Structures are given as C-alpha cells and as structure tokens.
Amino acid sequence: MTELTLVQAVNRGLQEAMRSDPDVVVLGEDVGVNGGVFRATEGLLKEFGADRVLDTPLSETGIVGSAIGMALYGLKPVAEIQFLDFIYPAFDQIVSELAKMRYRSGGQFPCHVVVRAPYGGGIKGGLYHSQSTEAYFCHTAGLKVVIPSTPADAKGLLLSAVADEDPVIFLEPKRIYRSVTGEVPDGDQRVPFGVARTVRPGHDVSVFAYGAMVPVATEAAAGVEAEGISAEVIDLRSLVPLDEAAVLASVAKTGRAVVVHEAARFCGFGAEVAALLAERAFFSLKAPIARVTGYDTPFPYALENVYLPDNGRVAAAIRATAQAG
Amino acid sequence: MTELTLVQAVNRGLQEAMRSDPDVVVLGEDVGVNGGVFRATEGLLKEFGADRVLDTPLSETGIVGSAIGMALYGLKPVAEIQFLDFIYPAFDQIVSELAKMRYRSGGQFPCHVVVRAPYGGGIKGGLYHSQSTEAYFCHTAGLKVVIPSTPADAKGLLLSAVADEDPVIFLEPKRIYRSVTGEVPDGDQRVPFGVARTVRPGHDVSVFAYGAMVPVATEAAAGVEAEGISAEVIDLRSLVPLDEAAVLASVAKTGRAVVVHEAARFCGFGAEVAALLAERAFFSLKAPIARVTGYDTPFPYALENVYLPDNGRVAAAIRATAQAG
Amino acid sequence: MGMPSRPTLIVRSLVAGRRSVVSSTAPRSAPADPASEALGGARLLSAYRTMVLARALDERCLALQRQGRIGFYAPHSGEEAALVGSAMAMEPDDWIFPAYRELTVALVRGTSLQSVVDQLFADAGDASKGRQMPNHFAFREQHFVSVSSPIGTQITHAVGAAMAARYRKAPVATITYFGDGATSSNDFHAGLNFAGVFRAPTIFFCQNNEWAISLPRERQTRSATLAMKAEAYGFPGVVVDGNDVGEVYRAVRAARHRAVAGEGPTLIEAQVYRLGPHSTSDDPRRYRNDQEVEAARGRDPIHRLRTELTKAGAWDDARDAALVEDLRGTIAAAIARAEATPPVDPLSLFDDVFARATPRLEAEREECAAHPAAERKSP
Amino acid sequence: MGMPSRPTLIVRSLVAGRRSVVSSTAPRSAPADPASEALGGARLLSAYRTMVLARALDERCLALQRQGRIGFYAPHSGEEAALVGSAMAMEPDDWIFPAYRELTVALVRGTSLQSVVDQLFADAGDASKGRQMPNHFAFREQHFVSVSSPIGTQITHAVGAAMAARYRKAPVATITYFGDGATSSNDFHAGLNFAGVFRAPTIFFCQNNEWAISLPRERQTRSATLAMKAEAYGFPGVVVDGNDVGEVYRAVRAARHRAVAGEGPTLIEAQVYRLGPHSTSDDPRRYRNDQEVEAARGRDPIHRLRTELTKAGAWDDARDAALVEDLRGTIAAAIARAEATPPVDPLSLFDDVFARATPRLEAEREECAAHPAAERKSP
Ligand SMILES: Cc1ncc(C[n+]2csc(CCOP(=O)(O)OP(=O)(O)O)c2C)c(N)n1
Ligand SMILES: Cc1ncc(C[n+]2csc(CCOP(=O)(O)OP(=O)(O)O)c2C)c(N)n1
Ligand SMILES: [Mg+2]
Ligand SMILES: [Mg+2]
C-alpha cells in the first residue's frame, strides 16, 4: 500500500502495466519529454524509452487511428488525449473503428486499446477544458467506459483496462487529480469492471454518482444525516458495463433515487440510470427520480460554480426526494 | 397541396428556401451534378447554379467547417452529410464549434447553419449506412435536432430549420424516403420546432416515436386496438427543443408509456423521455416505462430485421405496459 | 477464419510460382532475390489469370445484385492490374489495410474464392458472420484487415500497425489502399504525417480512378498530382501507370524495400479508371459521358496484358477462352454453394460486441429470443 | 460589442496614420495605393508602438496570473512583428480567424485595450460575457471571430467566410492564424484543400514558433518547411522572417492582393520563436534548454525594429522609455477598471445557448435561481 494522489495512481498504473507487459506502449501529445500536461506519464519515457512512450504530432485522429493499428498488430497501446474536450478529431476513429472493429469482423480483429483522457470541470478551464461527455461513449455499442473517483480505483481500473481485450475509454476526473489522496495497493492489483462501489450505506435515498461528483455527493449525504436522512452513496465507476444489479438493489431498498453528474442533463448518463429504474425498479419507487447535473448550456468559464452540481444542490435534491410521495 | 414522397418534400423545401432567400446555399458531396445520392438535391444545381450548389471534396470536416464560416459571414448554408454515419469527421466542428459559437462569443457570432443527413436503418445498409445516433446531438447543448416522419413535416420543418438563427441537425429517415407519401402545402409553410404531433389519440398507453418508427408504432397501436387497448401515438419530431408539455400531458392521461426508437437503448433518446417522466410525471405513472429500441450492438447487416424494432416488438411492449401494475 | 471444415479454392494456386520465388524461409533482412523484383514468366501469367478472375467476378456480382441475390456490390473493373501488381509485391507477413474495392487483393493473399463469395451473401459461411455489407471483407489469416465504409479510416491503422511491426523488429511492411477521394480525408493527412514523423514502414497505395462517386479528380484537390502530396510529409511520392501490372509491381516492391530497410514510407499514385459505376447504387451517366469511359476502355489493363502475353507467345485466344470458361464455372460453383449455405443465427447478433457479452447484452439476447421471428416484418 | 457606454481606449490611435493611408472610401477593387504596399514612416512607428504595447501587456498579464488575479494567460512574446505586420496588412472589411495568441491583432483592428482586459478578467464588461478562458476573444465589430481552444478549427471557418465573401462579390479577404502544431490538424488539411479547390480568398498565416507545447517543429512534421505544404493543395506557400515586421507586412499584403483579385489562397509561414512558456500552465524548462531561448532573444523582433528606427533617426532611448512608461500606465488603468467592474450575472448562464431560450432552459434558469449562491462551494 502506498499513499498516492489520483494522478499519481494513474502514473503508477501505467508504470506497472508497462513493466509487466512489453506490448504496452503509451502515445499522445506531450506524454514523453514533458511527462504529460498533468504529469500522468511522468518518468515513463525515462524508464521505458522513446520506442514505448511516443510524443505524437498534434492529431487526435492520428493518435487513435495509429493506436488501433498497433492493437491490430498485437500491441496494447494506451493513448492519451490531453483533455476529453479534444477527443473529437478522433471521434470517427473511436465510434466508427475502435467500437466496431471486433463486431464487424465477426471477432477476427479485436481492438485492445485504452484511450485515457482527463475530463470534467472545477479547474476554471472554460468550455474546452471542462466537459463531461461520457454519454457519447456510453451510447456507442462496443466501448467500455470507466471513471475512477479514488486513487485505488484509478490504478486498479486502469490495470483492468490495459488487460481488457476490448476498447476502454478511461476518463480521469482532473479536478480531483491532486485533491484526493488514498492508499493504493502495490503491484498488479486490478479492480474489475462492472462492479459499483458503495461509498456510504444508507436506507432512505440512493445517490448515484461517479468521478468528481462522488466526493460532492458523499459530503451532501453526510450533511443531511443530521436532518435524519440516511442516504446511500454509490460510485458507479464502471459506466459500461454498468452494475445494474447494484443500482436496482439499492433502490429496491430505498425506493428513492438521486443521480448526480457534471454533464448536461438532457440525454446525459443520468437519464439512463433513471430509465433503468423506471423500467425495472418501478414498483419499488416511492418518489420521482431526481437528476442533479450540469445545465443544458455549454460549459461556462466565469460561472463554472453555478453550472457544476455542488453540495447545496445535491443536498436539496436528497431532501426533496426523501420527503416526496 | 401537392402529393409528394418524403425525399421529394425535402427537395421542395430546399428549392423553396433557395428561391426566397439568396443567402441560402447548399453544399456537400455529390449534391450538385449528381443531385445527391438520394436525389434530395435534384435540380437545384440547374436552377441555382454552381455558386449556390457546391459539390465539395470528400471531407465532412471541410463541409461543416466551411459552412460555419459562410454562416459567420452572413449566409445560410445547408450542408448535406451523405449518410449520418459519415458525420464523424465533422463531429469536432459540430460539437466544439457549431454548437458553442453563439454561447462562447456572448451572442456576438450566431451560426445559422443547417446540417441535413439521411439516417436510420431498414435499407440493408449495414453498420455504416443505417445508424441512428441522434442522442449524440441531443446531448450537445446549443444544437437543435429535428426529425420528420411525414412529407409535410419534412418540408415544413426544413423551412423552419433554414429560417432558424441557430444550428439545426436535420435528420431524414431514409427508410421512408420513398415509401411514405402525403399531401404537402405549397409555398413557405413552416412547421414550428418544439411541438409534437399526435398521430393517433388514445387513453390507455402513450407511445412516443419519431422518424421511421412512427409508422411502425402507429401500425402496432392500430393492431392492439382489437384487443381493447387504446394507444396514443405521439411523433416527437422536434427532439431539441422537446415538447415536454405534450409528453407530460399524454402520460398524465394514460399513466403508461412506451418509447420507440431505432438507436441503441443504452443512453439513447428514450432514456431522456423515460427520465423526464420518472421525474415529472411520477405520480401519474401506473406501469414501468418500456423502451423498444435497437439493441446495444453495432448495427448489423444480415440481421437488420432482428435489430430494428418492428410491429411485433412494439405491440408486445404496448400490451405488457397496458397490463402491468 | 473460423471455416476450416469447408473446402477452399485458394487463388494462390492461380498465382502459381509465387511461393517458390519468394521463399518465406529466406532471411527477411537480406537483399531480396532479384528474380522477385520484376514480374515475368509464370508469375506474369498468374497475374493475368487473377485479373481475369477478378473481372469475371465483377460481371457476375453486378448481375447477382440486379437479380436481388446479393444486396450491394462495388466493382473494381479497370483497377485489376493495380490491385494484382501491388498485392503480389507484398510478402505473406505483411499487412493489408484495404478499402472496399480490394477483393482481388484478398484473393492474391490466398483467401479462398468461397470465403469472398460467402461474404457477399452474408451467410453462415461468412468469416465476418454477416455483419457487413458486401465488399467489406475481413480475413485474419491473410492479414487482410476488416474493411469499413467511412472513407480513409484504414490509413492511420496501416501506419500504427507498421509502427508496431517496427517496434517488434519484424521485417514487415503494411500497405493501405484508398481512392483519390480519400486523399481529402482526415486520416490521409494524419496517417501520412505520422508515417513521415515516425518513419513507419508503410506503403500508401492510392487508386486514382479519376472519380469519387460524381466528383472528378481535378475538383477533389488542386495539386498537380496526388503523389506529390507526399512531399508535404517529407517522403517520396511516385506516379505509376496503374494499367501496367509490371510497373505497379516494381513500384510497390521498391517501396516495400524502402519500408523494411527503415527508410520510411512511400506514397504511390496508381493512375487507373473506374470503368463501372461507383457501386450498384450509382448511375454514372448522371455525371460523366460515354466518350470518357470509351477512351478508358482503350487502356483496359486486362486487354493490355493479354496483348503483351500474346505477343510474347505465352498466351493465345484458345487458352483465354478456356480460362474464362473455367473461371466462370468456378465462380458459379462458389455462388451455388453460398446460396445453399444457411443464414446466420439471429441470436449471434449479440456476439462480438465484446470478447464476452455483458449482462446487459445477455439480457437483450433473451429479450430478443422471446420475440418470435414470425412477427417480424421486413422493412 | 455591447459596451458602448464605456470609455474605450482604441489602440487604433496608437497606430497613427493607418486610417489615412488605407482610405476606407477608396474604391475597393482599384489597384492599391502603392504607399500602402510597404510599411514605412509613421506607420512603421505605430507598428513599433503596438509591438511594445503587446510586450508590456504580456509581462503584466503573466504577473496577474501569478498573483491569481486572472485565471490563465497565453503569452505572445517573440511573435509581435508577425502579429502586427500581418494585421496591418488587412483591410477593415476583412475578417480575422485567430487562435489564442492573437490579442495584438485585435488591438490593431481597433479593439479597445479595455475590451481585451475585460475579457481576461471575464467580468461584466467582457464582450463575450465571461464565457471563455482568457485569450479566447471575440469582437464582432472588428470581424475578429471568436477564438476556441481546439487546435485548427478556425481554419475551415476562414475558408467558408472567404467563399461567402466571394459569393457576395465583396472585395474581402480572410486571414486565419494558427501555429506549427496546427498544421497537423484535420482542419488544416480540409481548409487548405477547400481553399485550393474553390479558390477562396484566404490567407493562411502560420506562426511557426518552433514549439507545440513540448513538441519541436521537426517532430511535428517531416516536410522541409511548413510553407511547402501549400503545394499539396495547388497554391503558393511562402516563408517569411517573422521577426521582420516589414517583410511580414509585404507578404500578407501581396497575398491579400492575390486573394481579392480572384487568384486564390496563400499559405504564409512566419518563422518566429515562442520566447515565453506555452501558457501559464506550462514549464518550458522541462523540454527545451536556455541556450536555444537565449539565441532566439538575440533575434527579438522588438529589439530589431527599435535598432532599425533608431538608426534611421526616427526613434531614441528617451522616447522609448517614455513610451513604455506611458503604456504601462494605460495598462494599469485598464486593469484597475476591470477589477472594479462587477462579475457577470449568474443567471446569464442560460443566455445565448440559442437566440431564444427553450422552455427547458427557462426551467433550468428558475431551478438555478432557487439555489442560493451562498450554498455554493468553490471547487
Ligand atoms: C467519410 C465518408 N464520407 C462519405 C462517404 C460516401 N462515399 C462512399 S465512397 C465515396 C467516394 C470515394 O471516392 P474514392 O476515395 O476516390 O474511392 P473510389 O470509390 O473511387 O474507389 C463517398 C463520398 C463515405 N463512405 N465516407
Ligand atoms: C485538438 C486539440 N488537441 C490538443 C490541444 C492541446 N493543446 C493546446 S495548444 C497545443 C499546442 C499548439 O501548438 P501550435 O499549433 O504550434 O501553437 P502555439 O501554441 O505554438 O502557438 C496543444 C497540443 C488542443 N487545444 N486542441
Ligand atoms: Mg476514386
Ligand atoms: Mg507553435
């Protein structure tokens, strides 16, 4: 066990994966000499050399397209996109190629690629250094999508991602890159996909969150405890595959649900959680399902704190949901 | 009034818009000399000349990027993407630029652009000539998204789109381009955005659909009538802005809802409709909300008819929803 | 390819002599056998046979589509010399990143005709399990990578695979095929740039057939040639007469040498002409005139090679007639077999999304199984 | 710009003489006044003043960011001659499609210093309503189009606007600014290709400052120069010494003539050097050494022009000291004013998503208003 920040845990995960498998290579903008703009790839060039840590030209199309080619040949590339907001030049490669290669070839050509990207708001990054567009990827059949909210999960899920034969979109909540620290197991300790994590048990309301919203939801849940509301907080962390059993089991118990995410509400991931519950937990539900999310505007700069769900908004939703019906 | 197919109605809409406003220009691949691969732009080059009907190089990035530039200068470009499946090279331009230009400039630079694309399955087009990825666009703040299912709406909504100061993603259900005909008003008769269309009134179950699923849903609703189930079919047609009032009013009446779309289920548009109902119609709901959708696989070729919602699947869902609870 | 129990007609046999000339046991980094550097003798004859097969297949498949027996077809008539010459220049361990007109390349690589036809019929014999439209092949064993419809996307894959081969120190090159239209794609730009920067052992093989559906080459881009675009990425580009199978072969061979010698990528522009429609959905009379097509027919690569072989006394009309007759029979047999092959299993819809289906997919598979196919209506 | 009631310090006044030389009433299609074809006399002096202002602003803003008074800053030190020379060569009706280092271009276009500073502070005086990070300006009146962060996306916009101007038969050119890194972007490829095909009156102005964050120019692409990439699109590319304001001016002027005369686009590569960090988030010592930076300082464009002007007797140390002093005061005043300006209204979050807010957005505005800001925690 070692005490690490979330970004350090990502770094250790990459190091661990590269040490144990020479097929793992890292590529992206500024990942080598510079160690990544967030230092997630710090030290890798030095340890593994320029053959395995590739500073690429400024082209996300090229980064993901060439990563796919490497994977087809047999490597296990981990591509870094500097900010999730800059992934769109690679969107065609991701949705048309990466997600569909195995399927369209009848299983002949799997695509063993991890695409890592820091995402989310809270760093005063404005429109293009803040977005949470996980729903695009979750809606794309053929992609796995995971989001850690703790250092241990950052390393453990990343090791699972690199080991996974399927393409994984690995989103890192940059707002808590350094603000969250925690004990991280040493070595190749993987956290499996498809399993949610109960952050805090409770019996009145279920609160589903992921990424940087997990600490916000947890704080809000702790806050309403004094008012006699017992809120269960579940970190979904694996969006695809989703731990539907855990979601349904929690609501079977509480009968009430609040979903929290930074992304815009309309057609966001929260809609899927709500739809799942409205379909398969309907008879347990005692109150309307609340979504506490970013608003349906582009991500702002000056008003970032108005846009992002915070303790006040989440607590208010928990209260309202606990009291409704 | 003239009897037209859906694709003819699109063609007339473009013609009408170009006749009444010299700022309207059309650009895309094969839209000029060839008249569009589906003939949606047939005759436009001849009537309006090569200055207004531009056959572009094979670059969706260039098509949407240059359309944005034209709009900034003051034109009203209508860009054709040959198949929605090929829009991804332009995705960066659409989500990063088109959707955000007005917002990020504080209203100084609106983007008067329409992006038209045939979409959806049912033509044996396989993975890349069949997809329904409207949810990507609906989740992107700053874009309007409309989908006609009748010739009259095709022309009327297109005229509204061309007149709208905001970017509009205009999706055309190519499966019913020629199979559906109907009376279309002559001249500049617009169908407003944000207003759903009741295809068929009913009082037991609400069925929400759009595009090529509207005839499927309508047929299913007609079929279950004999079993004593009165299903109301609502064509959402304007996905953004969504006619939430109509959705809520219908379920306030029926207490039961089925959402039908071709797109994959997970994080699809149906999730938003379900989430909206689970949030704001909760106390009217008498049964789980059903989604009849494409499955969470890439779009298949040989098994297209297994993948696409059909009369049987929709009717079964209506029955189950009518009887549940 | 998952179909080992089915009898396979390997076209490699048509390309007689290829195996003997390019020994797969020879040290890969040694200077190539000079005999392999030009296409002559028996190998030229096999090139011709493959080209005639390709043409016969095209004609047959266009008819099949008109008869509604297959759903779609994209012909390659006019491009046979470029396809065969380039494919023959590559080694078995090399990787192919094709577009949708490269069926013939798969055949040269040793894919069975039956496999190709099964893909067109999307039947239970299709190595890709009926997942894709006709012409969108994938043949793992032959390193013939899955074709997709979006234009250009395979170009960056070819570069990545080449980088991987170099990382593994394998004497392997990759070749990617694409059209004149694809030079406008994002992946062309990214792929050539990455290849230049990383000196990837890749051959960019551009089939300039003068048209991208209805857009003529000169309106696709204003550069004097497509080959010269390579200079923008710091490596050489060459123009070849794509109707001359020997010239194509030599150019690709030279590019392959450069590649495996660590000298970097090459862009080859093969000047050909698309004699047929863009695809069975296309009507070329809407945008080009008959004279242009007739002029191109005068440069027909098959006609040209037949004349050459005949002049050299290596071929004659009788043998030609027999070959065509023979190939038609072979094709007919493969089609008959495909039509007798059962369709794919409906519930296989849920396979291969991931290596193992997620719980959600398994639930959907059950949901799907519960809806009897009888209730299903064709669109 | 929406701020008409605020007093504006128009830098145009610093660029004295510009208006008198390029008369906006002169017939636009007439051959240009030869006096405008070179930068001399009073106009050269104003170029110098603007460059000094730009440098002073850079220094001040880097300090502001360190003090936490603004959130971010991307300096342009080392690129002043290229920015000022190119901007002065454009006409008022021309359109600018900038990246994030083109603050100085906005100033040359007549944007007030106060407007620029208000954007950096994202306060209620910001023409873009505090929506974007510092350096992401938008000034409608000056045809200075909204800057975005994704690299290269403005390039195709410039081409589309140029095509629109041509369609309207307006004697207008567009210019787009981007870096060496941006030559790898999809929009560079698409934009230059469209411009070539449609002969768009566009100037592609590439600021080759040798670095794209930590990636040096020679690893961005292997072409000998960036300018030569134009040939791949069928139009000319030129390299200019970006430290020579006069040379830049003449090159852009010539390209603008070509553009409005219907002769098509030009790519200009201005060779400069990024003297400072990529941005306030960057530590350049991680990837480049001091000697390189020192060598570049020896070519400092401001120093060069000052020497030139001084030699010509048009400038001296006393005037220089006075100018710097004066500009610092002006900047300080603008900053003071910005810091006294109120923040943007929280509920303006919901404006400008569309021309008119949808019912959903109005509902969210109400929902937002119901949550008191006091409960809000900073991240
Ligand atoms: C990204 C993308 N845009 C549009 C299309 C539609 N489309 C299919 S083929 C084609 C033309 C391709 O031309 P070229 O690259 O010259 O290849 P050719 O068909 O001539 O072999 C177009 C526009 C597509 N498949 N992908
Ligand atoms: C599409 C995209 N990818 C990555 C980034 C992150 N990024 C910001 S600036 C930059 C380097 C740009 O270099 P260059 O084009 O040379 O411009 P310069 O900063 O040198 O002026 C990168 C990689 C981005 N903004 N957009
Ligand atoms: Mg072509
Ligand atoms: Mg640079």
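Chain letters run A, B, ... following the sequence lines, proteins first and then strands; every chain starts at 1. Here the structure is a predicted model, which is why all the values come from computation and not from measurement.
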Contacting region of [X] [heavy-atom separation from chain B under 4.5 Å]:
X: D:Ser148; result: both
X: D:Phe354; result: both
X: D:Phe188; result: neither
X: D:Ala158; result: neither
X: D:Arg166; result: neither
X: D:Val197; result: side chain
X: D:Phe97; result: side chain

Hey, are the side chains of [X] and [Y] touching, using non-hydrogen atoms and a 4.5 Å cut-off?
X: D:Gln154; Y: B:Glu97; result: no
X: B:Asp92; Y: D:Thr153; result: yes
X: B:Ile63; Y: D:Phe194; result: yes

Got a second to check how far [X]'s [atom1] is from [Y]'s [atom2], nearest 0.5 Å?
X: B:Tyr73; Y: D:Met163; atom1: OH; atom2: CE; answer: 13.5 Å
X: B:Thr61; Y: D:Ile155; atom1: OG1; atom2: CD1; answer: 11.5 Å
X: B:Tyr103; Y: D:Leu349; atom1: OH; atom2: CG; answer: 4.0 Å

Item checked: Considering all heavy atoms, the nearest D:Thr156-B:Gly65 contact -> OG1-CA, 3.3 Å
Next item on the list: Indicate the atoms forming the closest heavy-atom contact of B:Thr56 with D:Phe198, along with that distance.
Entry: CA-CZ, 4.0 Å
Next item on the list: Test B:Leu72 against D:Trp95 for side-chain contact (heavy atoms from CB on, under 4.5 Å), laying out the working first.
Entry: CA-CA 10 Å; B:Leu72 291 171; D:Trp95 281 58; 4.2 Å; yes
Counting heavy-atom pairs under 4.5 Å with chain D, which one of [options] comes out on top?
options: B:Leu242, B:Val64, B:Asp23; result: B:Asp23
options: B:Gly107, B:Pro241, B:Gly142; result: B:Gly142
options: B:Ser59, B:Pro22, B:Ser105, B:Ala71; result: B:Ser105

In terms of heavy-atom pairs under 4.5 Å, which option from [options] contacts chain B the most?
options: D:Ala162, D:Ala164, D:Gly191, D:Pro150; answer: D:Ala164
options: D:Lys129, D:Arg168, D:His143; answer: D:Arg168
options: D:Val147, D:Leu361, D:Thr174; answer: D:Val147

Check: Do D:Asp187 and B:Gln93 have side-chain atoms, one donor and one acceptor, less than 3.5 Å apart?
Finding: yes
Next item on the list: Look at the side chain of D:Arg140 and the backbone N and O of B:Gln108, then say whether any donor-acceptor pair between them is shorter than 3.5 Å.
Entry: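 Side chain of D:Arg140 to backbone of B:Gln108: a pair is present.
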Item checked: Sole candidate of B:Lys100, B:Arg102, B:Arg104 that passes side chain to side chain contact (heavy atoms under 4.5 Å, CB included) when paired with D:Asp352 -> B:Arg102
Distance-only donor-acceptor pairs under 3.5 Å for side chains of residues 275-284 of chain B, two or more places apart:
{"residue": "B:Glu279", "atom": "OE1", "partner": "A:Arg291", "partner atom": "NE", "Å": "3.3"}
{"residue": "B:Arg280", "atom": "NH1", "partner": "B:Glu244", "partner atom": "OE1", "Å": "2.8"}

Check: Contact part of B:Asp243 toward chain D, heavy-atom cut-off under 4.5 Å: side chain, backbone, both or neither?
Finding: neither
